[in-house]
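Reading through the structure tokens given below for one structure.
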Amino acid sequence: MRYWLLKSEGDCYSIDDLKKDTKTSWSGIRNYQARNFMRDDMKKGDLALFYHSNSKPNGVYGIAKIVAEAHSDETQFDKKDDHYDATSDKNNPRWMCVDVAFVKKFKEPVSLEEIKHDPHLEGMMVRQTGSRLSVQPVSEKHFNYIVKELAQ
DNA sequence: GCCAACGTTGGC
DNA sequence: GCCAACGTTGGC
């Protein structure tokens, strides 16, 4: 079993939206590295930290669970969608997404500020400046530390 | 709103 | 295959 961090702009799709929807397709990812993680490494049952960017504060707001492994991201074929990709082939879709379900919202978010200054979390990808990857692997140790020690 | 860091595109 | 130009992300 693996652990992940999923980034979303807080005012675009938040942990509250996921709570309301119960589950959602993690569509619209148009970055090869992120796609490869979803396609090759994410398995049903994996857990993910739900991270808000462009928020106050930025940080981990809760937990989500992978409930369906990678499948075609249909937004790539929707001309009206922001993530439409005219060059993707229906018979060999370029973009994939997984389905995630709501698990838990933290009482208080674990802020990026906290994550950056905690020595237990050294090496976490989200700490690196300029790390724009929106689907990141997280070590079990870091995941558990955030969930059990920092979050309420 | 600014801008640094990064990914992608396209000319050569 | 290189690299400049461009667009986007995301912290501040």
Side-chain angles (χ1 to χ4, degrees), chain A residues 2-21 24-42 46-66 69-100 102-139 141-143 145-147 149-152:
Chain A
R2 296 199 189 207
Y3 299 91
W4 305 94
L5 181 144
L6 294 174
K7 244 188 241 179
S8 178
E9 290 188 46
D11 54 4
C12 183
Y13 193 87
S14 70
I15 187 81
D16 292 319
D17 293 321
L18 182 61
K19 187 175 182 181
K20 181 160 53 72
D21 294 345
T24 191
S25 284
W26 205 250
S27 61
I29 304 294
R30 297 293 180 268
N31 170 285
Y32 288 106
Q33 217 182 333
R35 181 206 64 184
N36 292 347
F37 278 131
M38 288 198 291
R39 185 190 60 191
D40 303 333
D41 297 321
M42 272 193 184
D46 286 358
L47 293 173
L49 301 170
F50 196 106
Y51 181 90
H52 286 197
S53 64
N54 293 320
S55 294
K56 284 181 185 167
N58 294 321
V60 177
Y61 279 65
I63 304 172
K65 182 159 71 171
I66 313 304
E69 289 172 22
H71 54 86
S72 169
D73 175 349
E74 293 305 319
T75 64
Q76 70 196 300
F77 301 120
D78 181 356
K79 282 197 174 126
K80 293 188 291 293
D81 196 279
D82 286 347
H83 304 286
Y84 176 63
D85 183 349
T87 65
S88 184
D89 177 1
K90 276 221 170 191
N91 298 313
N92 185 22
R94 172 174 301 154
W95 304 111
M96 316 281 286
C97 63
V98 297
D99 293 350
V100 302
F102 176 81
V103 173
K104 160 175 199 169
K105 180 188 177 182
F106 298 155
K107 284 202 185 77
E108 297 290 333
V110 177
S111 70
L112 179 61
E113 175 88 22
E114 243 177 301
I115 289 171
K116 277 195 167 166
H117 289 99
D118 196 312
H120 292 94
L121 299 176
E122 198 160 344
M124 240 188 117
M125 220 183 256
V126 79
R127 284 174 44 145
Q128 295 164 22
T129 44
S131 168
R132 291 162 42 179
L133 196 58
S134 60
V135 176
Q136 305 179 355
V138 172
S139 72
K141 192 177 114 211
H142 289 162
F143 183 92
Y145 182 76
I146 288 176
V147 171
E149 305 296 329
L150 299 183
Q152 288 118 29

Q.
If you define the side chain from C-beta out and look only at heavy atoms, does anything of A/Leu121 sit under 4.5 Å from A/Ile146?
A. yes

Q | Spacing of A/Met125 atom CE relative to C/dT9 atom P, expressed in whole Å | A | 18 Å

Q: Would you classify A/Lys116 as touching base, sugar-phosphate or nothing, given that sugar-phosphate means primed atoms plus P, OP1 and OP2, and contacts are heavy atoms under 4.0 Å?
A: sugar-phosphate

(Q) Considering only residues two or more places apart or on different chains, which pairs with a residue in residues 46-56 of chain A satisfy salt bridge (Lys or Arg N to Asp or Glu O under 4.0 Å)? (A) none

Q: Could you check how far CD1 of A/Ile115 sits from C1' of C/dC12, rounded to whole Å?
A: 16 Å

Q: Indicate for each nucleotide in nucleotides 3-8 of chain C, in 5' to 3' sequence, whether protein heavy atoms under 4.0 Å reach the base (B), only the sugar-phosphate (S), or nothing (-).
A: ----BB

Q) Hey, does the side chain of A/Tyr51 come within less than 4.0 Å of C/dG11's phosphate (OP1/OP2), counting only N and O? A) yes

Q.
Once salt bridge (charged side-chain N to carboxylate O under 4.0 Å, His left out) is applied, do any residues pair with A/Asp85, and if so which ones, sequence neighbours excluded?
A. A/Arg94

Q. Taking only residues two or more places apart in sequence, or in another chain, which ones meet A/Tyr13 in a side-chain hydrogen bond (donor to acceptor under 3.5 Å, both in side chains)?
A. A/Asp21

(Q) Tell me every residue that passes salt bridge (charged side-chain N to carboxylate O under 4.0 Å, His left out) with A/Lys105, counting only those two or more places apart in sequence or in another chain. (A) A/Asp16

(Q) Taking 4.0 Å as the cut-off, does a side-chain nitrogen or oxygen of A/Asn58 come that near to OP1 or OP2 on C/dG11? (A) yes

Q. Can you tell me how far P of C/dC12 sits from CD of A/Gln128, to the nearest Å?
A. 14 Å

Q) Nearest-Å distance, CG (A/Asn31) to P (C/dT9)? A) 10 Å

Q: Could you list the residues that satisfy side-chain hydrogen bond (donor to acceptor under 3.5 Å, both in side chains) with A/Trp26, not counting sequence neighbours?
A: none

(Q) Please tell me if A/Lys7 has a side-chain N or O lying less than 4.0 Å from either OP1 or OP2 of C/dG11. (A) no

